[in-house]
Amino acid sequence: MISPSSSIMAVDSTLSSAVGASVSEKDAKALQFIEEMTKNVDSVQERILGEILSRNADTEYLKRFQLNGATDRDTFKSKVPVVTYEDLQPEIQRIANGDKSPILSSHPISEFLTSSGTSAGERKLMPTIHEELNRRQLLYSLLMPVMNLYVPGLDKGKGLYFLFIKAETKTPGGLLARPVLTSYYKSDHFKSRPYDPFNVYTSPNETILCPDSIQSMYAQMLCGLIMREEVLRVGAVFASGLLKAIRFLQVNWKQFAHDIETGTLNPKVTDPSVHECMSKILKPNPELAAFITKECSEENWECIITRIWPNTKYLDVIVTGAMAQYIPTLEYYSGGLPMACTMYASSECYFGLNLKPMCKPSEVSYTIMPNMAYFEFLPHDDSSAQDSSRDSPPRLVDLADLEVGKEYELIVTTYAGLCRYRVGDILRVTGFHNAAPQFRFIRRKNVLLSIDSDKTDESELQQAIENASVLLKEFNTSVVEYTSYADTKQIPGHYVIYWELFVKDAANAPTDEVLSQCCFQMEESLNAVYRQCRVADSIGPLEIRVVKNGTFEELMDYAISRGASINQYKVPRCVSFTPIMELLDSRVVSKHFSPALPHWTQNVVVEHTWYERKE
Ligand code: AMP
């Protein structure tokens, strides 16, 4: 897969020499590839743009901008606009409806990847082409060679990874729509991967590919328990996924102990292929069952990960961005094991990797690999550039020309046909590896609240509050002020909304039942990804905390005492700063929770296929 042009001298990579590690020939090839890509960032980027533009020259989209066969950066930048998902929606809709003409890409769109970002409350559909699987796999193939530089002996055991597929649907035109990881795990690239001693998982493919997420989790955890002494690393894609697995163990450990003691599988696991593969793995083991009972029945779950999997060297989970809120909980359960954030990727494109995966979460920087797509950057602190209209496209900066310390919004041009597409991520350049900039993930634009893959922005929250406050009308009550908080102290985390109410008639104030209904109404108003996460128990019931009158004025006084301008003060619509949380919580007069699950059905633009259950 990796084909660096020069011949490979086993260990001449600056990466390996930097840490003084000796590496295998296979790893040396991968490291050499990283070196070549990062040394030649600009020429690789120029080549990639040229390739994309020449192969897509006859697409309807590019023809619209009259590049007339030009494949150079200047023409591209001066003629092709920077766009958002909403701008491309008409084209995407046509592809979804079955138009097979070359609209965005000259290569056929093989499927849609459903992003966790939403548009009008629904998941975004990202077009992809078959060969993108190779690019994704290429990035995956670089992760272990880098990790092996820092953690020796990973070929002596297994990885306990909680990996899942999700429901897939078909668009009216017959294209599959599913998350990028579902697409990858179901591909031959993953299913028929050659044996690699550095990448042996405790979970058999059948358990990962089981469409029922509960049965899948059950079987994967059971395998992890049975092979506990072989486990060298424990992971999931995001921190929230790993914590969900720990909670699953907390709820189900008695059943696991029973299965292991008797060598029989919980009858609730009905998937035939999971059954078959578990029958080969599960044997009566009363000693292990007693061990699990002893550890899990203890009140204190501190260090439970290292107690059950004592040979774990690190956790492999993303804890950057919105996931940083889970770091303290993961530290608690793992006794402070290192947390490796290995990769930065999205449904639009896989971007890059962390070349120092054992660094502290606060120091993680990702190196974008210039062969994945053509990347441009909109300076984030330059408000004039952000506001530029399409007629005078903002001057975007190339990957090789970024400046350390500055923040940028990531814009991508992909082989699959996204041109100058705003991903919505804000990144800060922290340094360079060779000529390649390294990025700290700062935040996703416009995201206020996030617990799992949900991303709720300010306008969605505002709309949800407006919808809920309709219920207060008959009580002559209105919401004077509000703010919100993503509470992740418990698993699953949940949204907390602080409300200051104006109650005209105290004798007819809204009851707990009404305020609980407001919680439910808010949930009903939030986007599809939020509601799906609720139904899947990845997010707990939304909570409204009513605070005393005058609380938000106190909040303003506090902000002003810390230097905010009275003129420009705005109520923060999301809070996390401890003194502010303490102030709010000390003024709470009542708490109310959503009494039911919100409704969730699949994306309306797509039809149901064989798989109808809610996840
Ligand atoms: P999706 O479109 O659902 O695939 O989500 C992709 C988004 O997840 C990215 O655009 C980022 O906002 C976020 N993301 C992916 N990888 C990371 C990472 N390593 N650290 C922080 N955020 C990430």
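As the structure lists them, so they are numbered: ligands from 1, and atoms in each ligand from 1.
- Between the CG atom in Leu88 and the CE atom in Met126 there is a gap of 8.5 Å [rounded to 0.5 Å].
- The protein heavy-atom contact nearest to atom 6 (C) of ligand 1 is Ser346 CB, 3.5 Å.
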Check the pair Lys186 / Glu168 against salt bridge (Lys or Arg N to Asp or Glu O under 4.0 Å), numbers first and verdict last.
CA-CA 11 Å; Lys186 286 186 145 188; Glu168 54 191 29; 3.1 Å; yes

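- Not a single heavy atom of Met126 sits under 4.0 Å from any atom of ligand 1.
- Note: Phe377 and Phe375 have tilted aromatic rings, judged against thresholds of 30 and 60 degrees for the angle between ring planes.
- Counting only distance, with no hydrogens or angles, the side chain of Asp401 and the backbone of Val397 share no donor-acceptor pair below 3.5 Å.
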Evaluate the criterion salt bridge (Lys or Arg N to Asp or Glu O under 4.0 Å) for residue pair Asp425 and Lys445; output intermediate values, then yes/no.
CA-CA 6 Å; Asp425 290 348; Lys445 262 178 68 188; over 6 Å; no

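- Residue Ala345 places a heavy atom under 4.0 Å from ligand 1.
- Per-residue contacts place Arg444 under 4.0 angstrom from the following atoms of ligand 1 (heavy atoms of the residue considered): 7 (C), 9 (C), 10 (O), 12 (O).
- For ligand 1, the polar-atom distance check against Asp425 finds a nitrogen or oxygen pair separated by under 3.5 Å.
- Of the protein's non-hydrogen atoms, Ser115 OG, 2.8 Å is the one closest to atom 2 (O) of ligand 1.
- In terms of N/O distances under 3.5 Å, ligand 1 is approached by Ser116.
- Among protein heavy atoms, the minimum distance from atom 1 (P) of ligand 1 is reached at Ser347 OG, 3.4 Å.
- Looking at Lys124 against ligand 1, nothing comes within 4.0 Å, counting heavy atoms.
- If you look at Tyr495 and Tyr530, their ring centroids are closer than 6.0 Å.
- Given atom 17 (C) of ligand 1, the protein heavy atom at minimum distance is Tyr344 CD1, 3.6 Å.
- For ligand 1, the polar-atom distance check against Phe441 finds no nitrogen or oxygen pair separated by under 3.5 Å.
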Would Arg247 and Asp537 satisfy salt bridge (Lys or Arg N to Asp or Glu O under 4.0 Å), going step by step from the backbone distance to the final call?
CA-CA 11 Å; Arg247 178 165 177 260; Asp537 197 28; 2.8 Å; yes

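- Under a 4.0 angstrom heavy-atom cut-off, Tyr366 registers as being in contact with ligand 1.
- To the nearest 0.5 Å, the span separating CG on Leu125 from CD1 on Ile95 amounts to 10.0 Å.
- Using cut-offs of 30° and 60° for the angle between ring planes, the Tyr344 and Phe441 rings count as perpendicular.
- Heavy atoms of Val423 found under 4.0 angstrom from ligand 1 belong exclusively to the side chain.
- Residue contacts with ligand 1, taken as heavy atom pairs separated by less than 4.0 Å, involve Ile318 solely via side-chain atoms from C-beta onward.
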